[in-house]
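For reference, the structure discussed in these notes is given below.
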Amino acid sequence: MNKFFKIFLALFTCLLVLSACGKKKDEDTNQTISGPKPSLSDALNTSGISLEKYQQIKYTDQQLHGGSSYKKVVSLLGNPSKTTDTTLTNNAKAKQYTWQMGGNAQLQYIFVIVYKDKVLSKGYQQNTAAKIIKKAKIEKISKNTSFSDVQATLGSPLSQQEADGMSFMTYQYDNSHAYNLTFKDKKLSAKQSVSLNTNN
């Protein structure tokens with residue numbers, strides 16, 4: 001379980017980055033915009049979903065102990081907008097449930113991955129970067145910084161995915177680039193600068 005679970009999450013995080021789209025373009029596509037740290041609570045509120053409800057969605061551990069059921073998630077978020085079949089790296093079948101937000105919402109969607117009626121992973125993506133983070137500020141974050149400390153310093157990311165043992169966050173630093181941050185056991189283990197797909 002441990003091996004396939006980590007590989008699956010590493011692959012899935014790529015989808016979060018590639019789906020980043022609809023960002024406002026400036027004349028200088030590498031312009032860095034500074035501002036107050038974006039708040040996940042504010043982003044969720046624009047979608048009609050409270051931070052408290054999102055935080056009540058619990059993912060299972062790598063032995064499938066604990067974690068929210070699909071029924072529990074529906075009780076919190078309502079019926080999903082979209083259901084997709086997905087295959088884990090051990091060829092097991094799972095479901096991805098997506099809650100698409102309205103056009104005026106800051107959040108584009110929330111998703112959960114469910115396997116054997118257990119939430120394996122949860123995450124979200126914002127419609128825009130909300131506030132683009134200065135590249136230098138992201139680069140100052142050192143390895144082994146905790147997941148919560150990164151959020152406290154940088155605010156809510158463009159996209160985020162959480163699971164037992166591994167988590168991912170993406171922070172945008174200009175209109176076409178972002179940093180993928182990988183966490184193992186809630187500690188920062190890697191940072192990678194990537195190009196965003198802004199052609200959609």
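It should be emphasised that the depicted structure is a prediction, and the values quoted were computed from it without experimental measurement.
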### Message
Once rounded to the nearest 0.5 Å, what's the spacing between atom CG of Leu76 and atom CD of Glu52?
### Response
11.5 Å

### Between CD on residue Gln126 and OG1 on residue Thr170, distance to nearest 0.5 Å
11.0 Å

### Minimum heavy-atom distance Lys58-Val119, with the two atoms named
O-CB, 3.6 Å

### Query
Does Lys118 use its side chain to pair, donor to acceptor, with the backbone of Gly66 at less than 3.5 Å?
yes

### Message
Could you check whether any side-chain heavy atom of Tyr173 comes within less than 4.5 Å of a side-chain heavy atom of Lys137, counting everything from C-beta outward?
### Response
no

### Task
Specify the closest pair of heavy atoms between Ile133 and Leu154, including all atoms of both residues, with the distance to one decimal.
CD1-O, 3.4 Å

### Task
Return each pair, listed once, that meets salt bridge (charged side-chain N to carboxylate O under 4.0 Å, His left out) where at least one residue sits in residues 148-157; pairs must be two or more places apart or across chains.
none

### Summary
Residues passing the side-chain hydrogen bond (donor to acceptor under 3.5 Å, both in side chains) test with Thr182, sequence neighbours excluded, are none

### Task
Determine, step by step, whether Lys187 and Ser146 satisfy the side-chain contact (heavy atoms from CB on, under 4.5 Å) criterion, reporting the C-alpha distance in whole Å, the side-chain angles of both residues, the deciding distance to 0.1 Å, and the verdict.
CA-CA 5 Å; Lys187 298 289 186 181; Ser146 72; 4.2 Å; yes

#### Entry: Heavy-atom closest pair, residues Gln96 and Thr98
NE2-OG1, 3.4 Å

#### Entry: Ser81: side chain to side chain contact (heavy atoms under 4.5 Å, CB included) partners, not counting sequence neighbours
Gln100

### Task
Not counting sequence neighbours, which residues clear ring-ring contact (aromatic ring centres under 6.0 Å, His included) with Tyr59? List them please.
none

### Message
Could you check whether atom NZ of Lys191 has more than 12 heavy atoms from other residues, nucleotides or ligands sitting under 6.0 Å from it?
### Response
yes

### Query
Does the side chain of Leu120 come within less than 4.5 Å of Leu64's, by heavy atoms?
yes

#### Entry: Spacing of Asn175 atom CG and Ile132 atom CD1 [to the nearest 0.5 Å]
4.5 Å

### Task
Return the minimal non-hydrogen interatomic distance between Phe147 and Ser167, and the atom names on each side.
CE1-CB, 3.6 Å

## Note on the structure
Residue pairs passing the salt bridge (charged side-chain N to carboxylate O under 4.0 Å, His left out) test with at least one member in residues 65-93, sequence neighbours excluded, are Asp85-Lys95

### Query
Considering only heavy atoms from C-beta outward, does the side chain of Val73 approach that of Val114 to under 4.5 Å?
no

### Side-chain donor or acceptor of Asp117 paired with backbone N/O of Ser69 under 3.5 Å
no

### Inter-residue atom distance Phe111.CZ - Gln125.CD, 0.5 Å rounding
9.0 Å

### Query
Does a side chain donor of either Thr60 or Tyr115 reach within less than 3.5 Å of an acceptor in the other side chain?
no

### Message
Suppose we screen for salt bridge (charged side-chain N to carboxylate O under 4.0 Å, His left out). Which residues come up paired with Lys186, at least two apart in sequence or across chains?
### Response
Glu162

### Message
Is any side-chain heavy atom of Met101 closer than 4.5 Å to one of Tyr124?
### Response
no

### Message
Working to the nearest 0.5 angstrom, can you tell me the gap between Gln161 CD and Phe183 CZ?
### Response
13.0 Å

### Task
Working to the nearest 0.5 Å, report the span between OG1 of Thr153 and CD1 of Ile138.
11.5 Å

### Query
How far apart are the closest heavy atoms of Asn91 and Thr87, and which atoms are they?
CA-CG2, 3.6 Å

### Query
Between Gln172 and Ala178, which heavy-atom pair has the shortest distance, and what is it?
CA-CB, 3.7 Å

### Query
Judged by atom type as modelled, is there a donor-acceptor pair below 3.5 Å linking the side chain of Lys135 to the main-chain atoms of Asp174?
no

### Query
By side-chain hydrogen bond (donor to acceptor under 3.5 Å, both in side chains), which residues pair with Glu139, not counting sequence neighbours?
Tyr179

### Task
If a pair satisfies ring pair (Phe, Tyr, Trp, His ring centres under 6.0 Å) and one of its residues is in residues 62-98, list it, with sequence neighbours excluded.
Tyr70-Tyr97

